[in-house]
S.K.: 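The structure under discussion is supplied below as structure tokens; questions concerning it will follow.
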Amino acid sequence: EIDGERIVSSDQIEHWDAFPESMVVVGAGVIGCEYATCFANFGKTKIYLIDKAPRILPFEDEDVAQVVGMPRIGDPAPSFTAESTQGPINFPGDYSGKWVIFFSHPADFTPVCTSEFITFASMQGEFADYNTELLGLSVDGLYSHIAWLRTIKEKITFRGLKDVEVTFPRVEDISMEVARKYGMIMPGEDSTKAVRAVFVVDPKSVVRAVIYYPLSTGRNFDEVLRLLDSCQLTAKHTVATPVNWKQGEDVIIPPSVSDD
């Protein structure tokens with residue numbers, strides 16, 4: 001046991017009858033899916049997927065949504081198809097050869113999210129200079145997305161920004177399928193809203209950076225841009241960037257790099 005949780009190995013978990021109906025399997029990826037399938041076949045339908053390490057946890061909340069472990073730095077970006085405010089999205093295939101900032105937010109028509117979208121839209125040109133596309137997501141429906149973006153353009157002013165038109169796509173994810181695939185649903189924060197996640201995805205569709213913010217805290221988009229700048233620089237050159245680094249400042253050359 002670790003922190004009161006019972007940890008089991010893969011050979012132990014094969015003995016399905018040893019676990020009561022009130023228990024659930026925890027484990028992401030192919031292995032976790034296999035466990036989930038087997039549990040379902042044995043009538044244990046309350047499957048709760050989180051980490052890649054299989055565990056058994058007491059199941060207490062029958063309404064908790066399924067959660068899948070988030071992609072990690074260096075992992076391929078999970079693929080999905082969905083409707084968006086700019087038409088169908090096939091991710092990451094539609095963005096091959098480009099960097100992408102894929103981000104989630106909790107809900108349409110909320111003050112913090114509105115401030116974020118106005119700011120992101122105002123910076124879209126800056127991100128384009130970095131060969132980077134923006135892609136947003138919430139678990140609201142498409143018509144809600146469209147109505148909210150129209151309201152932002154026609155009625156909202158934020159820090160001197162007004163008449164802002166959001167032209168980058170916003171993914172519809174009513175089923176929360178995409179949000180779960182990217183670990184954007186965190187029941188400890190809210191089981192029906194996405195947290196403020198940011199994924200930096202490179203032109204080869206590999207996740208290069210991940211940031212999570214709670215529902216109550218708006219993001220610092222200057223930091224997102226700085227992070228993108230660093231990711232692109234370090235992807236091209238064998239260097240590292242020090243604390244608070246900005247474009248044009250000195251970088252760190254690892255000792256393993258030859259003076260030649």
S.K.: Give a yes or no answer on whether the side chain of His105 reaches the backbone of Gly136 with a donor-acceptor pair at less than 3.5 Å.
M.R.: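 A pair under 3.5 Å: no.
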S.K.: Between Glu177 and Asp173, is any pair of side-chain heavy atoms under 4.5 Å apart?
M.R.: yes
S.K.: Tracing side-chain links under 4.5 Å among I, L, V, M, F, W and Y, which residues wind up in one group with Ile146?
M.R.: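 Joined to Ile146, directly or through intermediates: Leu142.
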S.K.: Mind checking side-chain contact (heavy atoms from CB on, under 4.5 Å) for Ser79 and listing every partner two or more places apart, or none if nothing turns up?
M.R.: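 For Ser79, the residues satisfying side-chain contact (heavy atoms from CB on, under 4.5 Å) (neighbours in sequence not counted) are Pro92.
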S.K.: Search all heavy atoms of Met184 against all heavy atoms of Leu137 and return the closest pair with its distance.
M.R.: SD-CD2, 3.9 Å
S.K.: Which heavy-atom pair separates Ser230 from Thr241 by the least distance, and what is that distance?
M.R.: OG-OG1, 2.8 Å
S.K.: So, Asp94 side chain and Asn90 main chain: donor-acceptor pair closer than 3.5 Å or not?
M.R.: yes
S.K.: Transitively linked via ILVMFWY side-chain contacts under 4.5 Å: Val100 with Val206?
M.R.: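 No, separate clusters.
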S.K.: Under the side-chain contact (heavy atoms from CB on, under 4.5 Å) test, which residues partner Thr217, sequence neighbours left out?
M.R.: Tyr213, Pro214
S.K.: Report yes or no: is the cationic atom of Arg208 (NZ for Lys, CZ for Arg) under 6.0 Å from the centre of the six-membered ring of Phe199, at an angle within 45° of the ring normal?
M.R.: no
S.K.: Which heavy atom of Gly97 sits nearest to which heavy atom of Asn131, and what is that distance?
M.R.: O-ND2, 3.2 Å
S.K.: Nearest 0.5 Å, what's the OG1-CG distance between Thr132 and Asp202?
M.R.: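 Reported value, rounded in 0.5 Å steps: 10.5 Å.
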S.K.: Are Val195 and Ile211 grouped together when hydrophobic residues (ILVMFWY) are joined by side-chain heavy atoms under 4.5 angstrom apart?
M.R.: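 No: no chain of side-chain contacts under 4.5 Å links Val195 to Ile211.
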S.K.: For His237 and Leu233, run side chain to side chain contact (heavy atoms under 4.5 Å, CB included): C-alpha distance rounded to whole Å, both residues' side-chain angles, the deciding distance at 0.1 Å, then the answer.
M.R.: CA-CA 6 Å; His237 304 285; Leu233 178 68; 3.7 Å; yes
S.K.: Which residue pairs pass the salt bridge (charged side-chain N to carboxylate O under 4.0 Å, His left out) test when at least one of the two sits in residues 220-237, sequence neighbours left out?
M.R.: Glu223-Arg226
S.K.: Might you point out which heavy atoms bring Val239 and Pro254 nearest each other, and give the distance in Å?
M.R.: CA-CD, 4.1 Å
S.K.: Applying side-chain contact (heavy atoms from CB on, under 4.5 Å), can you list everything that pairs with Leu134, at least two apart in sequence or on another chain?
M.R.: Ile101, Phe120, Gln124, Phe127, Phe168
S.K.: Tell me, please, which residues at least two apart from Phe80 pass ring-ring contact (aromatic ring centres under 6.0 Å, His included).
M.R.: Phe91, Phe102
S.K.: Side chain to side chain contact (heavy atoms under 4.5 Å, CB included), that's the test. Do Val207 and Arg72 meet it? Break it down for me.
M.R.: CA-CA 7 Å; Val207 175; Arg72 301 174 182 179; over 6 Å; no
S.K.: Please walk me through it: do Trp148 and Thr114 pass side chain to side chain contact (heavy atoms under 4.5 Å, CB included)?
M.R.: CA-CA 9 Å; Trp148 182 40; Thr114 298; 3.1 Å; yes
S.K.: Please list every donor-acceptor pair under 3.5 Å in which a side-chain atom of residues 244-251 meets a protein atom from a residue at least two apart or in another chain.
M.R.:
unit_1, atom_1, unit_2, atom_2, d
Trp245, NE1, Glu249, O, 3.2
Glu249, OE1, Lys246, N, 3.1

S.K.: Looking at every non-hydrogen atom in both residues, tell me the closest pair between Val112 and Gly218 and how far apart they are.
M.R.: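 Smallest heavy-atom distance, with atoms named: CG1-CA, 3.7 Å.
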S.K.: Can you check whether Gly93's main-chain N or O pairs, donor with acceptor, with Ser96's side chain at less than 3.5 Å?
M.R.: no
S.K.: Could you tell me whether the side chains of Asp108 and Ser144 share a donor-acceptor contact shorter than 3.5 Å?
M.R.: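 Yes - a donor-acceptor pair under 3.5 Å links their side chains.
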S.K.: Keeping the roles fixed (side chain from Ser104, backbone from Ala194), state whether a donor-acceptor pair exists under 3.5 Å.
M.R.: no
S.K.: Are Tyr212 and Val201 co-members of a hydrophobic cluster defined by side-chain heavy atoms under 4.5 Å apart?
M.R.: yes
S.K.: Under the rule for side chain to side chain donor-acceptor pair (under 3.5 Å), what residues qualify as partners of Ser205, not counting sequence neighbours?
M.R.: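 Once residues adjacent in sequence are excluded, Ser205 has no partner under the side chain to side chain donor-acceptor pair (under 3.5 Å) criterion.
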S.K.: Drop me the distance from Thr238's OG1 to Ile252's CD1, to the nearest 0.5 angstrom.
M.R.: 14.0 Å
S.K.: Quick check: is Met70 connected to Val200 through a chain of hydrophobic side chains (ILVMFWY, heavy atoms under 4.5 Å apart)?
M.R.: no
S.K.: Please, which pairs that meet salt bridge (charged side-chain N to carboxylate O under 4.0 Å, His left out) have at least one residue in residues 111-138, sequence neighbours excluded?
M.R.: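 Sorted result for residues 111-138: Lys98-Glu133, Glu116-Arg196, Glu116-Arg219.
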S.K.: Supply the atom-to-atom distance Thr110 OG1 to Asp140 CG, rounded to the nearest 0.5 angstrom.
M.R.: 8.5 Å
S.K.: Can you run down the salt bridge (charged side-chain N to carboxylate O under 4.0 Å, His left out) pairs that involve residues 146-167, sequence neighbours left out, and say none if there aren't any?
M.R.: none
S.K.: Rounded to the nearest 0.5 Å, what's the gap from CD1 on Ile152 to CG on Leu161? Could you check?
M.R.: 11.5 Å
S.K.: Show the numbers, then the answer: is there a ring pair (Phe, Tyr, Trp, His ring centres under 6.0 Å) between Phe158 and Phe117?
M.R.: CA-CA 10 Å; Phe158 176 70; Phe117 267 77; over 10 Å; no
S.K.: Please tell me whether Val198 and Tyr182 are part of a single hydrophobic cluster in this structure, the criterion being side-chain heavy atoms less than 4.5 Å apart.
M.R.: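 Per the 4.5 Å side-chain linkage, Val198 and Tyr182 are not co-clustered.
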S.K.: How many angstroms lie between CD in Gln232 and CG in Leu228, if you round to the nearest 0.5 Å?
M.R.: 4.5 Å
S.K.: Could you name each residue pair satisfying salt bridge (charged side-chain N to carboxylate O under 4.0 Å, His left out) that touches residues 80-93, not counting sequence neighbours?
M.R.: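 Sorted pair list comes back empty.
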S.K.: Does Pro169 have any side-chain contact (heavy atoms from CB on, under 4.5 Å) partners at least two apart in sequence or in another chain, and if so, which?
M.R.: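 Pro169: side-chain contact (heavy atoms from CB on, under 4.5 Å) contacts with Ser84, Gln86, Ile89, Tyr95, Leu135.
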S.K.: Taking all non-hydrogen atoms of both residues into account, name the closest pair between Val139 and Ala179 and its distance.
M.R.: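 What the structure gives for the nearest pair is CG1-CB, 4.4 Å.
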